[in-house]
Amino acid sequence: MAEYHAQNKAKLISETRRRFEAEYVTDKPDKYDPRDVERLQQDDNWVESYLLWRHSIVDETLKMLDESFQWRKEMCVNDLTESSIPRWLLEIGGIYLHGYDKEGNKLFWIRVKYHVKDQKTMLDKKKLIAFWLERYAKRENGKPVTVMFDLSETGINSIDMDFVRFIINCFKVYYPKYLSKMVIFDMPWIMNAAFKIVKSWLGPEAVSLLKFTSKNEVQDYVSVEYLPPHMGGTDPFKYSYPPLVDDDFQTPLCENGPIASEDEASSKEDIESDGKETLETVSSEEQITLLKKINLTEHTSKAEETEKVDSKMKAFKKPLSVFKGPLLHISPAEELYFGSTESGEKKTLIVLTNVTKNIVAFKVRTTAPEKYRVKPSNSSCDPGASVDIVVSPHGGLTVSAQDRFLIMAAEMEQSSGTGPAELTQFWKEVPRNKVMEHRLRCHIVESSKPTTLTLKDNAFNMSEKTSEDLYLQFAHSRCERDFSTP
């Protein structure tokens, strides 16, 4: 089933590329930005996003690509930068990205009260929308956003249906597959008729994505930590510019070095509780290992046992997918997998491999710095070498799908030192355009009784299987389940 799906997808992508080149590009090569045409030939995910939005009907997909590419050239989307937008528009804080919904989708805020209908500034406002969406799309590559239409304190002068229609077209035509939902907050009764028109613009496929909410309902979609006080939330965030509002990444707990280096910063009580948690939360793989060694009667110290569990956990969590960046190969490619509280798998691993001929400095940041220990979070990697980064929730805090990690990397000169002081100075001086960035999402693997039973039932027949074999078997079974028909 999965193999057929992959083959059919590849066939549709190939046909779309071939026909777009033959039927649309050949006769009028100046109609589109050549960078978009080139990307279409290279980026499978981009082609697939248009196909999915058009239900894999190639003729409809081609029309959509034509309209989208013409718009991208007209708006100079590939060349939009911060300097392309009037400063006053960035300062007012009417449109920005900040926070996540309960499904882990980025929130795209549109504070309607700051918008005044004015044809003279309309193009600049549209460019601001395009700037944010393009910036996000290049970073997340397919991860949808939730649009937060905040209509609180909105007056009649802020109602601009042309602007609303443009925003909807962005998701219907220009950025397909990027809309998770559109949360309409505190809509005045005077706009009821207007939003009936909006529903007709969205079409039957997308109208279900509209969520009309008040202070009571909005928390069904966004937790209080990412809602401002006027929505009943606790988020202390206040928009300001400059700098440009980014992804809220901050330095995590316990930077640099092994656990021993944390003794001065962590209390003895914390360390002892961490040790207990490690011993008590043994993975399914550890259970199998214990069954294999059922006749083991020797007693080991807590420190030795912790070390063994950590090493086995590391093998079990060996990432299988790889993002191939210009400086580092990063594994996993997109998501960090953490076990649920029930499964007991609390730690996960990021593997960085230096693919350059120079030392590469790296640092790890997160949107939830109070939640995670990251070791090391600010270090360097020699040419051709790999570095394992251990990520673990701090204390009893819970991993959330809303949490994100950012890997930043930059090449260092051979003469540069790699000590803490040298790295600090390096990051102060390195140009922004020399820094490679890659983002990772968090994913919680919920334990399931059938899977647990299967592992236990077959434990005595697995004496020759390694932890990696088990991980591959687990991943394969998940993949089959994901692609099976309901």
Side-chain angles (χ1 to χ4, degrees), residues 251-262 266 271 274-275 277-278 281-283 285-286 289 303-325 327-339 344-356 358-366 369 371-394 399 403-412 418-420 423 436-443 445 466-472 474-475:
T251 302
L253 288 169
C254 304
E255 285 198 287
N256 303 322
I259 294 174
S261 68
E262 297 171 20
S266 302
I271 294 172
D274 281 351
E277 285 174 8
T278 308
T281 57
V282 181
S283 65
E285 186 269 338
E286 177 66 7
T289 304
E304 290 171 340
E305 190 66 28
T306 301
E307 185 177 348
K308 285 183 180 181
V309 172
D310 280 348
S311 65
K312 288 167 185 173
M313 191 179 299
K314 185 173 176 179
F316 186 76
K317 286 288 187 183
K318 183 177 179 181
L320 301 177
S321 58
V322 181
F323 166 78
K324 296 182 178 181
L327 306 181
L328 296 174
H329 285 184
I330 300 173
S331 185
E334 294 183 354
E335 293 186 322
L336 289 177
Y337 284 84
F338 293 87
E345 283 288 347
K346 292 194 174 183
K347 296 184 180 181
T348 192
L349 193 69
I350 304 172
V351 181
L352 308 181
T353 302
N354 184 349
V355 294
T356 75
N358 297 315
I359 295 173
V360 170
F362 69 85
K363 59 182 177 179
V364 183
R365 308 189 81 189
T366 176
K371 279 189 184 181
Y372 298 96
R373 295 174 184 257
V374 178
K375 301 174 296 199
S377 65
N378 186 6
S379 190
S380 62
C381 185
D382 292 333
S386 293
V387 173
D388 292 350
I389 299 172
V390 179
V391 181
S392 56
H394 177 53
V399 175
D403 300 338
R404 296 287 190 278
F405 284 83
L406 171 69
I407 313 293
M408 302 175 69
E411 279 187 281
M412 303 182 75
T418 56
L423 286 171
M436 170 191 140
E437 294 186 352
H438 185 65
R439 286 156 175 75
L440 295 168
R441 304 187 292 271
C442 291
H443 185 90
V445 181
T466 65
S467 60
E468 185 172 351
D469 293 329
L470 293 169
Y471 185 89
L472 286 165
F474 173 69

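Only a predicted model underlies this, so the values are computations on that prediction, with no experimental measurement involved.
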TODO: Kindly compute the distance separating CZ (Arg439) from CD (Glu335), expressed to the nearest 0.5 Å.
DONE: 15.5 Å
Open item on the list: A side-chain contact here means heavy atoms from C-beta on lying under 4.5 Å apart; do Val390 and Leu349 qualify?
Closed with: yes
Open item on the list: Could you work out, with side chain to side chain donor-acceptor pair (under 3.5 Å) as the rule, every residue matching Asn354, not counting sequence neighbours?
Closed with: Thr356
Task: Phe362: which of Ile350, Leu423, Ile389 passes side chain to side chain contact (heavy atoms under 4.5 Å, CB included) - done: Ile389
Task: Considering all heavy atoms, the nearest Ala333-Ser321 contact - done: N-OG, 3.0 Å
Task: Heavy-atom closest contact (Tyr337 atom, Thr348 atom, distance) - done: O-OG1, 3.2 Å
- [ ] Enter the distance from Thr353:OG1 to Leu327:CG here, rounded to the nearest 0.5 Å.
- [x] 12.5 Å
Open item on the list: Run the side chain to side chain donor-acceptor pair (under 3.5 Å) test against Ser392 and tell me which residues pass, sequence neighbours left out.
Closed with: none
Task: Approximate separation, where rounding is to 0.5 Å, of Glu437 CD and Arg365 CZ - done: 9.5 Å
Open item on the list: Rounded to the nearest 0.5 Å, what separates atom CG in Leu336 from atom NZ in Lys347?
Closed with: 15.0 Å
- [ ] Would you confirm whether His329, through its side chain, and Ser386, through its main-chain N or O, come within 3.5 Å as a donor-acceptor pair?
- [x] no
Open item on the list: If you apply the rule side chain to side chain contact (heavy atoms under 4.5 Å, CB included), what do you find for Asp403 with Tyr372, and how did you get there?
Closed with: CA-CA 10 Å; Asp403 300 338; Tyr372 298 96; 2.5 Å; yes
Open item on the list: Can you list everything that forms a side chain to side chain contact (heavy atoms under 4.5 Å, CB included) with Glu334? Sequence neighbours excluded, please.
Closed with: Arg441
Open item on the list: Using a 3.5 Å distance criterion without hydrogens, assess whether the side chain of Ser377 forms a donor-acceptor pair with backbone atoms of Lys363.
Closed with: no
Open item on the list: Is the shortest side-chain heavy-atom distance between Pro393 and Phe338 below 4.5 Å?
Closed with: yes
Open item on the list: So which atom in Cys442 and which in Val399 form the shortest heavy-atom distance, rounded to 0.1 Å?
Closed with: CB-CG1, 4.1 Å
Open item on the list: side chain to side chain contact (heavy atoms under 4.5 Å, CB included), that's the test. Do Thr366 and Lys371 meet it? Break it down for me.
Closed with: CA-CA 9 Å; Thr366 176; Lys371 279 189 184 181; over 6 Å; no
Open item on the list: Looking at every heavy atom in both Ala385 and Cys381, which two are closest together, and how far apart are they?
Closed with: O-SG, 3.2 Å
TODO: Indicate yes or no: at least one non-hydrogen side-chain atom of Val360 is less than 4.5 angstrom from one of Ser380.
DONE: no
- [ ] Write down the atom of Leu328, the atom of Ala409, and the distance for their closest heavy-atom approach.
- [x] CD1-CB, 3.5 Å
- [ ] Could you pull out all residues at least two apart from Asp382 that satisfy side chain to side chain donor-acceptor pair (under 3.5 Å)?
- [x] none
Open item on the list: Any non-hydrogen side-chain atom of Thr418 less than 4.5 Å from a side-chain atom of Met412?
Closed with: yes
